[in-house]
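All values reported here derive from a predicted model rather than from experimental measurement.
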Amino acid sequence: MAKTQVTVGLALGGGGARGLAHVGVLKVLHREGIPVDVVSGASFGSIIGALYCLKPDIGHLSTEVERVLSSERFHKAKVNFLRHEFEEERRMGVISNIKSFFRQQFFYSVAFRLRQLVSEEEFTAIIDDLIDDVRFEDTRIPFVCVAADISHGAEMVLDEGPLRPAVYGSAAIPGVFPPILYRGRYLVDGGWVNRVPVRPARALGADVVIGVDISEDFRREPVENLKNGLELLIRANNVTGRLLCDLQLAEADVVVRPEVGHLHWAAFDQAAFCIRRGEAAMEAALPALRERLAAAPSGWDPERAPSGARGEPAGQP
């Protein structure tokens with residue numbers, strides 16, 4: 001039978017706290033009556049994507065994210081340390097430069113001695129607070145997430161079996177959270193191999209893919225500002241990541257870039273700001289999205305109500 005309706009896919013990129021902008025993107029899509037039929041996620045995008053696909057209700061999504069971010073368990077995690085170092089470097093003055101230097105040296109000494117800053121138990125408990133212990137097959141909207149196989153150097157596309165361990169692996173930032181053993185493979189943050197997973201969304205059947213990029217801003221940097229070999233290495237890695245991301249985003253039908261790239265990935269106290277930036281970016285992209293939907297071979301019905309692809313209406317318990 002010929003397909004009669006366009007399938008909309010949402011590819012949610014990685015970027016830690018900046019990924020809270022995904023909530024704003026979803027808010028606008030719901031408000032405008034544009035259904036999300038399939039979702040792919042990398043890193044923090046996999047957390048938001050899994051939570052939304054389990055229960056496609058914006059109110060529930062917002063409430064759950066706020067609940068976990070304000071929880072004692074979350075505040076006990078040591079992610080703010082890196083954020084403070086990042087922000088200190090952007091302040092002017094001799095005293096702040098000295099403070100930044102000693103904080104940076106301390107971080108490097110810890111990073112060289114330990115495999116991670118947050119234990120696996122702390123890390124997985126935070127995600128468990130958000131995501132039910134179910135299987136991919138139980139989500140109301142088809143969902144897939146990506147992770148990097150750190151042992152074999154491969155991208156892992158995870159779309160079946162237990163949901164929680166897959167999300168652990170997709171969101172495990174190297175050096176901050178531990179690699180996650182999953183089906184005999186050690187997985188780390190999917191953003192290292194696929195920052196905005198457009199192809200996995202397409203593989204789920206999406207005719208039109210909206211790619212949401214919440215990467216850190218990439219600024220021109222004079223070589224003279226790079227003080228040592230480590231900073232040169234980090235900069236070179238950033239160049240590679242930006243080029244890879246641009247190549248992957250070229251396959252999206254519509255690209256949404258919330259203006260959150262100046263924030264550190266651990267700036268979770270900026271949730272409200274990130275959500276607003278996500279809303280603004282999605283609103284700006286609506287004309288391009290509607291044009292692409294209208295041009296899709298399957299046709300587009302603007303009166304179609306948002307719905308979960310597994311037969312449950314979005315927004316219903």
**OP:** Spell out, as yes or no, whether a donor-acceptor pair under 3.5 Å connects the side chain of S170 to the backbone of A147.
**Re:** no
Subject >> Within 6.0 angstrom of E251 CD, more than 12 heavy atoms from elsewhere >> reply: yes
Subject >> Side-chain (H264) to main-chain (G16) donor-acceptor, under 3.5 angstrom >> reply: no
Original post:
Hey, mind stepping through V176 and F123 against side-chain contact (heavy atoms from CB on, under 4.5 Å) and telling me if it holds?
Top reply: CA-CA 10 Å; V176 179; F123 172 53; over 6 Å; no
Original post:
Any side-chain heavy atom of V239 sitting closer than 4.5 Å to one from F218?
Top reply: yes
Subject >> Short side-chain to backbone donor-acceptor contact, T139 and I141, under 3.5 Å >> reply: yes
**OP:** Taking atom types as modelled, find out whether D149 and Y182 have a side-chain donor-acceptor pair closer than 3.5 angstrom.
**Re:** no
Original post:
Checking side-chain contact (heavy atoms from CB on, under 4.5 Å) for the pair H30/L61: CA distance, chi angles, key distance, verdict?
Top reply: CA-CA 12 Å; H30 267 254; L61 177 65; over 6 Å; no
Original post:
Got more than 12 heavy atoms from elsewhere within 6.0 Å of CD, E66?
Top reply: no
**OP:** Report the distance from atom OG of S215 to atom CZ of R18, rounding to the nearest 0.5 Å.
**Re:** 7.0 Å
**OP:** Look at the rings of F74 and F268 and say which category their plane angle falls in: under 30° parallel, 30 to 60° tilted, over 60° perpendicular.
**Re:** perpendicular
Original post:
Nearest 0.5 Å, what's the CD-SG distance between E216 and C245?
Top reply: 12.5 Å
**OP:** Check whether any side-chain heavy atom of L249 lies under 4.5 Å from a side-chain heavy atom of R257, and answer yes or no.
**Re:** yes
Subject >> Backbone N/O of P197 and side chain of S40: donor-acceptor pair under 3.5 Å >> reply: yes
Original post:
How long is the gap from CD1 on I34 to CG on L289, to the nearest 0.5 Å?
Top reply: 4.5 Å
Subject >> Which atom of I131 lies closest to which atom of I47, heavy atoms considered >> reply: CD1-O, 4.2 Å
Subject >> V208 versus A296, closest heavy-atom pair with distance >> reply: CG2-CB, 4.3 Å
Subject >> Euclidean distance, Q270 CD relative to H262 NE2, rounded to 0.5 Å >> reply: 7.5 Å
**OP:** Measure the shortest side-chain to side-chain distance between P178 and E122 over non-hydrogen atoms and say whether it is less than 4.5 angstrom.
**Re:** no
Original post:
Should V36 and V254 be counted in the same cluster of Ile, Leu, Val, Met, Phe, Trp and Tyr side chains packed under 4.5 Å apart?
Top reply: yes
**OP:** Check step by step if salt bridge (charged side-chain N to carboxylate O under 4.0 Å, His left out) holds for K55 and E64.
**Re:** CA-CA 11 Å; K55 188 172 183 179; E64 286 298 286; over 6 Å; no
Original post:
Is there a chain of hydrophobic side chains (I, L, V, M, F, W, Y, each step under 4.5 Å between heavy atoms) that links V193 to V212?
Top reply: no
**OP:** Of all the heavy-atom pairs spanning A171 and I127, show the shortest one and how long it is.
**Re:** CB-CD1, 4.4 Å
Subject >> Connected via hydrophobic side-chain network under 4.5 Å: M156 and I173 >> reply: yes
Original post:
Counting distance only, does the side-chain N/O of R195 pair as donor-acceptor with the main-chain N or O of L244 below 3.5 Å?
Top reply: no
**OP:** For side-chain contact (heavy atoms from CB on, under 4.5 Å), just list the numbers for E137 and E160, CA-CA rounded to whole Å, side-chain angles, deciding distance to a tenth of an Å, and then say yes or no.
**Re:** CA-CA 7 Å; E137 295 81 1; E160 62 179 3; 3.4 Å; yes
**OP:** Just grab all the side chain to side chain donor-acceptor pair (under 3.5 Å) pairs involving residues 240-249, residues at least two apart or on different chains.
**Re:** D213-R242, R242-D246
Original post:
Could you give the distance from CG (L187) to SG (C145), rounded to the nearest 0.5 Å?
Top reply: 9.0 Å
Original post:
Atom CG in D138, atom CG in L163: separation rounded to 0.5 Å?
Top reply: 8.5 Å
**OP:** Evaluate the side-chain contact (heavy atoms from CB on, under 4.5 Å) criterion for residues L29 and L10: first the C-alpha distance (whole Å), next the side-chain angles of each, then the deciding distance (0.1 Å), finally the verdict.
**Re:** CA-CA 10 Å; L29 292 173; L10 188 61; 4.3 Å; yes
Original post:
Is V196 linked to V260 within one hydrophobic cluster, defined over Ile, Leu, Val, Met, Phe, Trp and Tyr using a side-chain heavy-atom separation of less than 4.5 Å?
Top reply: no
Subject >> Residue pair F143 / G49: nearest heavy atoms and the distance that separates them >> reply: CE1-C, 3.7 Å
**OP:** Would you check if V188 and F177 make a side-chain contact, meaning some heavy-atom pair closer than 4.5 Å?
**Re:** no
Original post:
Which heavy atom of V39 sits nearest a heavy atom of L204, and at what distance?
Top reply: O-CD1, 3.8 Å
Original post:
Going by heavy atoms in the side chains, are N194 and P200 under 4.5 Å from each other?
Top reply: yes
**OP:** Spell out, yes or no, whether L20 and L26 are grouped together once hydrophobic residues are joined by side-chain heavy atoms under 4.5 Å, including indirect joins.
**Re:** yes
Subject >> Pair R202 + D253, salt bridge at N-O below 4.0 Å >> reply: yes
Original post:
Which atom pair, heavy atoms only, marks the closest approach of A266 to A17?
Top reply: C-CB, 4.2 Å
